[in-house]
Amino acid sequence: MAMLEAVGLRKAYGDFVALHGLDLAIEPGEVFCLLGANGAGKTTTIQLFLGFIEPTAGAVRINGLDVATHGLETKKHIAYIPENVMLYPNLTGIENLAFFTRLAGRGDLDDAALRATLVEAGLQPEAADRPVGGYSKGMRQKVGVAMAIAKGATALLLDEPTSGLDPKGSNEFSNLLVRLRERGVAILMATHDLFRSKEVGTRVGIMKHGRLVACMATNDLSHVDLERIYLEHMHD
Amino acid sequence: MLWTVVQVEGRNLLAERGAWWLFGLLTAFVAYAAWSGASSAAAHRAATRAAVEEEDRKLADLRAKLEAIEAGGPAAPHAEDPADPALVGAGLGARAVALPPTPTASIAAGQRDAHPGVVRLTTQSRLAEPPRGDVALRGPTSQRAGPFDLAFVFVYLLPLLIIALTYDLLAGERERGTLALVLSQPVSLATFVLGKSLQRAMVVGGATVVLAGGALVLSGDGLGSAEGAVRAALYLAALLAYATFWFAAAVAINSRGRSSAGNALALVGLWLALVVALPGMVRVVVEATYPPPSRVELVNLARSAASEIEEELSGLEGDHGAEADESPAATRARLLAAQEALDARVRPVVERFRGQLEAQQRLVDRLRFVSPAIAVHEALVDVAGTGAHRQQRFEAQVDAFHGTWRALFAERVKAGRPLTPADYAALPTFTFEDEPTGELAARVGLGLLGLLVPAALLLVFSVSGLRRVGRLA
Amino acid sequence: MIGIIARKELRELVRDGRLRLVAALVVLLLLASMAFGWRQAAAVAAEREAAQRTADALWVDQGDKNPHVAAHYGKHVFKPSGALAFLDPGVDPYLGVTLELAAHQRTLPRDAAAGDASSLARFGTLSAATVLQLFVPLLIIALGFGAWSGERERGTLRQLAATGVRPRQLLLGKAIGVSGALALVLLPAAAAAGGVALALGEGVAWSRLAALLPGYLAYYAVIVAVTFVASARARSSRAALVALVGFWSVTCLVLPRLASDAAPRVAPLPSPDAFAAAVKRDLETGLPGAPREDRVEAHLGTLLEREGFEGAENLMPDALLQGFELQAEAAFEDEVFDHHVEALLDAIARQERVSQWAAALSPYLAIRALSSGLAGTDFAHHRAFQTDAERYRQALVRALNEDFARNAGDEGWRYRAGRDLWARAPAFEHAPPGLGWALRHNAVALTLLLAWLLLAWAAAGFTAQRVKVVG
């Protein structure tokens with residue numbers, strides 16, 4: 001059964017249609033990369049999965065549960081990492097992590113376990129007790145990943161998580177995703193980074209004006225092919 | 001879940017320097033208000049007690065003098081004869097009565113400075129001639145600004161503190177970007193907002209109880225009595241209900257999903273409307289609906305009534321010349337009769353006065369539900385015993401007592417019977433019968449409903465708003 | 001350049017729907033409070049005039065009696081309300097209105113309106129002055145808190161700075177923009193105030209009304225400058241807003257109350273009982289160092305000398321001497337009254353000055369004092385009325401005593417004067433002091449307001465020069 005599923009998903013704001021009947025299914029252990037220009041509907045899709053906005057027609061399901069009717073239930077399975085993981089600046093990294101994992105219903109994790117996840121996510125151990133106000137963007141993204149690990153999320157929703165990261169940070173982040181993928185997490189990632197999509201993704205989809213115009217498996221593609229296909233679609 | 005939010009929110013608040021400043025400032029204000037309220041209540045208490053004791057002492061002196069004369073001592077001069085009921089009644093002796101302060105008088109000065117603290121009762125008409133100059137002996141600008149009492153701190157400043165702590169309750173999370181992360185967890189927005197406001201409400205509620213309670217303990221007088229305990233409890237209940245209202249208002253405005261600056265403006269606007277503008281307007285409405293008759297006209301009325309009565313009783317006014325024609329006893333009986341007649345003439349106007357003021361207060365009792373600030377202020381002055389209800393009760397009791405007092409002297413003047421030491425001993429004393437605490441609690445409790453019902457409505461309104469804001473833009 | 005910026009600012013402010021709503025509410029409140037003030041002022045004026053006519057009639061129709069007995073009977077005068085009370089009732093509601101003028105007593109005005117107010121009185125009155133002094137500053141804060149911080153947050157400040165516009169030009173442009181928006185609110189109010197003044201007619205001092213205008217403009221300029229300083233220095237718009245609301249509540253709410261608490265501690269007043277007792281004591285024995293007998297003797301001597309009866313006491317008719325003695329006694333009593341009452345009034349005046357000096361910490365206190373001073377509703381005007389009334393009382397008593405001395409003859413205390421004499425006493429006239437006098441009595445407030453103006457704008461200029469372009 002697909003972990004993340006969109007069926008005939010449509011979102012309209014008055015006359016403007018942001019999403020025209022999107023169909024999408026992402027299995028566990030799959031990384032689906034959504035490519036497309038700004039305003040193509042990538043973020044809208046992710047927000048629909050998160051239940052932040054309601055679909056005009058169609059449905060989004062997580063682990064078989066409809067987001068519209070089982071909003072809170074579905075959130076137990078997912079983790080969300082936006083472009084900028086914003087945390088409480090006055091709290092330390094470990095305190096932020098503890099807060100969010102407890103909200104996620106994992107109050108059973110003790111301090112050591114939480115620290116271990118932070119290290120697993122790549123944060124230096126000594127940073128855990130510093131207020132988040134002094135963290136770099138990359139460090140905050142790592143706390144975001146730690147949140148996903150600690151929660152035991154089976155689906156990950158990523159909205160341009162690597163834009164603005166330096167190449168090293170971006171590389172570390174990709175490695176984390178690969179590890180999660182290997183554990184059987186289903187990942188939906190909106191991104192502009194063709195290179196990373198090819199590296200991390202199992203499938204890529206190209207969106208344009210609210211439609212998924214292409215969808216292909218990455219192991220059939222070279223980097224050059226992907227770029228060519230993408231640019232072809234971007235030409236009108 | 002709720003508790004997790006509360007805990008993290010607590011840690012967030014602890015880390016905020018601004019919040020420490022705000023609480024420090026509130027503590028300083030409350031401490032100063034408690035000190036100021038206690039010192040002015042104590043000064044009032046001492047001044048009234050001194051005045052009452054002074055008159056009691058004068059009466060005791062007169063009695064001692066009378067006993068000395070009866071025991072064969074030298075006679076007193078005519079103008080100081082302690083056996084002459086007319087002279088003693090007209091002012092040689094008097095009974096000073098005062099509204100006793102409640103144990104919680106330091107909470108609110110209320111209308112204390114607008115009323116004479118002490119009333120001296122003689123056989124003179126109290127109605128035609130209000131006590132002189134008692135209002136003028138205070139700096140007018142000080143009176144206008146009002147005292148820095150606990151009622152001021154809590155009615156005006158507590159809401160501002162609550163606004164400062166809550167205007168960005170939700171908007172701040174959105175602007176910082178943390179809201180998206182929170183809402184990607186299995187927690188509903190309502191739970192989250194409730195947890196956050198609950199934490200701040202607990203902190204503010206706790207601080208209010210500690211500060212307000214501490215201030216009362218330091219500034220009160222006789223809180224140990226049953227009455228004191230009831231009043232203290234009502235006072236704390238009123239403050240908590242008021243704080244609840246402002247929290248509900250803050251949550252409601254946050255639930256509309258505006259920016260934090262927009263929320264702050266809206267909340268300050270609401271504060272201005274409810275705490276400053278509306279009470280002023282309600283006052284205008286109340287005074288226009290039941291305007292008190294003109295004091296200025298009363299002056300002329302009393303005066304023309306007095307001259308007509310003088311004419312009827314055909315006599316002279318003043319110290320000079322009159323005594324030669326008639327016996328002192330006759331003069332005094334005539335003057336007493338004049339005072340009684342004057343009282344009868346002026347009474348309808350004065351009754352109208354009191355009627356209008358009572359009607360005003362009844363209207364205020366209804367209109368207090370228009371603004372929580374009025375509701376809580378009325379509750380606080382009621383609890384402090386410096387409000388209109390207690391004052392009007394006092395006036396009525398003083399009136400009745402004055403009647404007894406005058407009748408006692410008038411009877412002896414008319415019968416030509418001199419006062420004896422036994423008469424002095426039997427002179428009545430005034431004790432103020434306070435409103436039963438049950439009635440007070442009922443009235444104050446009704447006022448608190450005026451705070452809690454709107455608070456509940458605002459919370460219901462917020463829940464519907466939060467459902468919509470849950471969809472992130 | 002400045003003009004371009006100002007126009008853009010104004011356009012932005014006027015297009016903000018919420019600001020339009022708030023401004024409309026302020027205008028409405030201002031007009032309503034002025035209309036109410038007008039009604040009130042007209043009613044009070046009519047009532048007091050009528051009462052004064054009745055009181056004068058009572059005096060004239062008091063019947064035949066000995067002139068000194070008439071002096072005991074006395075006369076009431078009623079204080080006319082301040083020239084611009086409809087705009088700013090000031091402390092008038094807390095001051096007595098009725099003054100009884102009679103022999104052997106100097107009373108203080110009584111029947112202050114505050115004595116009959118409902119328990120809502122503690123919330124203050126909602127007059128046009130309240131709106132102008134308390135509400136309009138909040139409107140200015142709402143208009144201007146984002147002037148700098150908002151541009152910084154949106155990133156437009158960077159672009160403005162990149163165009164090479166000088167900070168001072170930007171500052172002036174923004175100030176003109178906010179002032180323009182404010183003018184849209186205040187012009188209707190100013191027009192309405194002029195209209196009411198016209199309708200109220202002669203009693204109004206136009207010069208006072210004209211002087212109020214620059215006073216309020218200076219006050220608003222201070223608030224605009226403070227708003228700009230906060231906006232330029234704060235980390236964010238919301239921080240600026242919070243700081244400004246804090247400034248407003250401290251200067252407009254907390255400080256006035258603190259000043260009102262401090263004033264009686266700086267200049268304590270005697271309790272009514274203590275005051276009455278001190279006057280009574282000195283009337284019996286004389287002021288310290290001037291025993292009663294000596295002073296009465298001295299006054300009598302002066303009187304006799306002036307009238308040419310020096311050393312001829314034994315040859316004078318009884319009534320003549322008695323009349324002079326009454327007058328000598330009255331002169332002595334006036335000394336005692338003057339001493340005590342003036343000391344009391346001085347103490348009250350000192351309390352008022354404490355409030356004025358507190359304006360060093362709060363521009364609101366400066367405009368509050370200045371505004372009620374110009375409106376003729378402050379304590380100084382009240383005292384001027386009392387001084388006039390006391391002078392009138394002394395003259396009245398003197399005239400009556402002298403009539404008694406000259407005309408009683410053999411009748412002595414049985415001598416009666418009538419309507420002719422009562423009607424001969426001039427009516428009491430109190431001309432309110434002029435504009436210069438009012439300004440002099442509020443010199444402290446005026447100076448402090450100007451100091452605020454200079455300092456606030458110096459600070460605004462200074463911060464504008466150093467404003468951080470990026471957050």
Side-chain angles (χ1 to χ4, degrees), chain A residues 11 13 43-44 46-55 62 65 67-68 70-92 95-107 131-133 140 143-144 147-148 150-151 153 155-159, chain B residues 1-22 165 168-196 198-200 203 257 259-260 463-473:
Chain A
K11 179 69 189 174
Y13 298 96
T43 298
T44 305
I46 287 183
Q47 293 201 338
L48 283 163
F49 270 106
L50 283 163
F52 289 176
I53 50 179
E54 284 161 18
I62 295 174
L65 292 168
V67 171
H70 296 80
L72 289 187
E73 184 67 25
T74 58
K75 284 181 184 153
K76 289 184 180 154
H77 305 289
I78 56 170
Y80 169 54
I81 301 180
E83 178 177 356
N84 256 313
V85 174
M86 296 309 290
L87 302 164
Y88 294 100
N90 289 327
L91 303 187
T92 63
E95 284 172 339
N96 267 293
L97 181 61
F99 172 60
F100 283 106
T101 44
R102 282 167 75 182
L103 279 190
R106 295 297 309 271
V132 163
R140 292 203 307 271
V143 177
M147 276 157 50
K151 185 178 183 178
L156 214 50
L157 296 162
L158 309 175
D159 196 356
Chain B
M1 183 74 76
L2 195 62
W3 193 237
T4 310
V5 179
V6 169
Q7 272 179 321
V8 165
E9 194 56 20
R11 229 169 286 153
N12 271 331
L13 193 64
L14 277 182
E16 250 178 72
R17 240 177 348 140
W20 286 101
W21 270 102
L22 283 175
L165 287 176
D168 64 345
L169 201 67
L170 188 56
E173 297 267 350
R174 192 181 16 251
E175 282 156 22
R176 277 201 307 263
T178 42
L179 188 61
L181 226 47
V182 168
L183 290 182
S184 72
Q185 309 298 342
V187 58
S188 72
L189 185 66
T191 312
F192 183 57
V193 171
L194 189 67
K196 280 178 74 87
L198 198 64
Q199 188 276 332
R200 307 226 152 173
V203 170
S259 71
S260 51
V463 169
S464 77
L466 285 175
R467 287 221 184 89
R468 282 196 286 125
V469 183
R471 300 181 255 124
L472 268 187

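Per chain, numbering begins at 1; letters A, B, ... match sequence-line order.
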Using a cut-off of under 4.5 Å for heavy-atom pairs, which of Val187(B), Val5(B), Leu181(B), Leu14(B) has the most such pairs with chain A?
Leu181(B)

Parallel, tilted or perpendicular: which one describes the rings of Phe99(A) and Phe192(B), with boundaries at 30° and 60°?
tilted

Between Tyr88(A) and the options Glu173(B), Arg11(B), Arg176(B), the side chain to side chain donor-acceptor pair (under 3.5 Å) test singles out Glu173(B)

Okay, Pro89(A) and chain B: the region with an atom under 4.5 Å from a heavy atom over there is side chain

What are the two closest heavy atoms between Leu170(B) and Val193(B), and how far apart are they?
CD1-CG2, 3.8 Å

If only side-chain N and O atoms count, and only distance matters, is there a donor-acceptor pair under 3.5 Å linking Asn84(A) with Arg140(A)?
yes

Given the options Met147(A), Glu73(A), Lys151(A), His77(A), which has more heavy-atom pairs under 4.5 Å with chain B than any of the others?
Lys151(A)

